[in-house]
Colleague: 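Let me give you the structure first, and then I'll get to my questions.
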Amino acid sequence: MNHFATLDAAAIDGAANIVKVAPRGPVQTRDGRSYTFIPEVLVARFAADGIDLPVDLDHSIARSSQSGERADAVGWVKKLQARADGLYAHVEWLQSGLSVLASRTHRFISPTFHHDAGGTATWLHSIALVAAPALSMPAIASANVAAGMTSAPDPVALAAAARNYLEARAALGIQMTFADAVMAVAGGTLD
């Protein structure tokens, strides 16, 4: 079953090339739909598929496959990462995507995903830049995308996120150090 759940994203790590695609766990959209996102499941499927995911405008790639019309990518997801608070994508933006972000006409991220009968996302088809998100989360495109966004992380929040991440990984049977968990939630190179 294929549905479009519009989930906006927050640009992190001082650059708009790492975006939050979906929160962790159960979510409800503003129009009442319910889904569950387990980032590790989506990361594993992405790795198994071995292809970059397209970023488009307004879900045009998924919709064009139904109508036979052309839809171009404005960026490519090169890597997915499970973090304590959700699923993140490392995006390689094309010039057309950077132009849209700079103009601020489509400020939010929305994943196109398949899900099971219970609403749990099983794999991502693509992500889209959209103007109207279904969930209330921060926009990816702020006043100046080119300059990036920087802020020092709150150490208490970072430690709490790292602890949650460590517990989630342990529940999956994956052991790691607290330092590795801090790196993972802070956007380091670890998965």
Colleague: Give me the atom names and distance for the closest heavy-atom approach of S96 to A73.
Modeller: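 Looking at all heavy atoms of both residues, the shortest contact is OG-O, 4.0 Å.
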Colleague: Taking all non-hydrogen atoms of both residues into account, name the closest pair between F46 and K79 and its distance.
Modeller: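 Smallest heavy-atom distance, with atoms named: CE2-CA, 3.7 Å.
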Colleague: Can you find a heavy atom in the side chain of H90 that is under 4.5 Å from one in the side chain of V19?
Modeller: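 Not in contact.
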Colleague: Please determine if D58 and R63 form a salt bridge, counting it only when a charged side-chain N lies under 4.0 Å from a carboxylate O.
Modeller: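 Result for this pair is no, no salt bridge flagged.
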Colleague: Consider only side-chain heavy atoms of I, L, V, M, F, W and Y, link residues closer than 4.5 Å, and tell whether V43 and V55 are in one cluster.
Modeller: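 Same cluster: V43 reaches V55 through Ile, Leu, Val, Met, Phe, Trp or Tyr contacts under 4.5 Å.
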Colleague: Look at R24 together with D85 and state whether they make a salt bridge at an N to O cut-off of under 4.0 Å.
Modeller: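 Salt bridge: no.
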Colleague: Rounded to the nearest 0.5 Å, what's the gap from NE2 on H114 to CG on L124? Could you check?
Modeller: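 Atom-to-atom, H114:NE2 and L124:CG are 9.5 Å apart.
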Colleague: Is there a donor-acceptor pair under 3.5 Å between the side chain of T120 and the backbone N or O of D116?
Modeller: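 Pair absent, no side-chain N/O of T120 close to backbone of D116.
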Colleague: Which pair of heavy atoms, one from F108 and one from P133, lies closest together, and at what distance?
Modeller: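 That would be CD1-CD, 3.5 Å.
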Colleague: On a heavy-atom basis, which atom in P23 and which in F37 lie closest, and how many Å separate them?
Modeller: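 For P23 and F37, the tightest heavy-atom pair comes out as O-CB, 3.2 Å.
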Colleague: Check for a donor-acceptor pair, side chain of T29 on one end and backbone N or O of R33 on the other, with a separation under 3.5 Å.
Modeller: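 A pair under 3.5 Å: yes.
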Colleague: Once rounded to the nearest 0.5 Å, what's the spacing between atom CD of Q81 and atom NZ of K20?
Modeller: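 NZ of K20 is found 12.5 Å from CD of Q81.
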Colleague: If hydrophobic clusters are built by linking Ile, Leu, Val, Met, Phe, Trp and Tyr wherever their side-chain heavy atoms come under 4.5 Å apart, do V130 and I61 end up in the same one?
Modeller: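 Looking at the clustering, I61 is in a separate group from V130.
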Colleague: Provide the closest heavy-atom pair for A139 versus R107 in the form atom of the first, atom of the second, distance.
Modeller: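 Of all heavy-atom pairs spanning A139 and R107, the closest is CB-NH2, 3.3 Å.
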Colleague: Could you walk me through whether V41 and T122 satisfy the side chain to side chain contact (heavy atoms under 4.5 Å, CB included) test, starting with their C-alpha distance in whole Å, then the side-chain angles of each, then the deciding distance to 0.1 Å, before giving a yes or no?
Modeller: CA-CA 7 Å; V41 168; T122 56; 5.7 Å; no
Colleague: What's the verdict on side chain to side chain contact (heavy atoms under 4.5 Å, CB included) for D56 and V74, showing C-alpha distance, side-chain angles and the deciding distance?
Modeller: CA-CA 5 Å; D56 62 19; V74 298; 5.5 Å; no
Colleague: Going by heavy atoms in the side chains, are S64 and R70 under 4.5 Å from each other?
Modeller: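 Sidechains of R70 and S64: no contact.
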Colleague: What about F113 and H125, are their ring centers closer than 6.0 Å?
Modeller: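 Not under 6.0 Å, so no.
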Colleague: Is it possible for you to say whether L42 and V77 belong to one hydrophobic cluster, with membership spreading through side-chain heavy-atom contacts below 4.5 Å?
Modeller: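 Yes, same cluster.
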Colleague: Can you see which heavy atom on A128 is nearest to which on H59, and at what distance?
Modeller: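 Scanning both residues completely, I find the closest heavy atoms to be CB-N, 3.4 Å.
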Colleague: In this structure, would L98 and I140 fall into the same cluster of hydrophobic residues linked by side-chain contacts under 4.5 Å?
Modeller: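 Yes; tracing contacts between hydrophobic side chains, which count when under 4.5 Å, links both residues.
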Colleague: Quick check on side chain to side chain contact (heavy atoms under 4.5 Å, CB included): which of I51, V91, L94 does W76 satisfy it with?
Modeller: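 Going through the options one by one, the only one that passes is L94.
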Colleague: With rounding to the nearest 0.5 angstrom, report the OH to CZ distance, Y88 to R83.
Modeller: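 Y88 OH to R83 CZ: 6.0 Å, rounded to 0.5 Å.
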Colleague: Kindly determine whether L129 and L101 satisfy side chain to side chain contact (heavy atoms under 4.5 Å, CB included), including the steps that lead there.
Modeller: CA-CA 9 Å; L129 289 174; L101 290 172; 3.9 Å; yes
Colleague: What's the separation between atom NE2 in H115 and atom OG1 in T36, rounded to the nearest 0.5 Å?
Modeller: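 It comes to 10.5 Å.
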Colleague: In terms of hydrophobic clusters joined by side-chain contacts under 4.5 Å, are L80 and Y35 together?
Modeller: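 L80 clusters together with Y35.
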Colleague: With rounding to the nearest 0.5 Å, note down the distance linking CG in L53 to NZ in K78.
Modeller: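 It comes to 10.5 Å.
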Colleague: Determine, step by step, whether V21 and L87 satisfy the side chain to side chain contact (heavy atoms under 4.5 Å, CB included) criterion, reporting the C-alpha distance in whole Å, the side-chain angles of both residues, the deciding distance to 0.1 Å, and the verdict.
Modeller: CA-CA 6 Å; V21 175; L87 179 68; 4.3 Å; yes
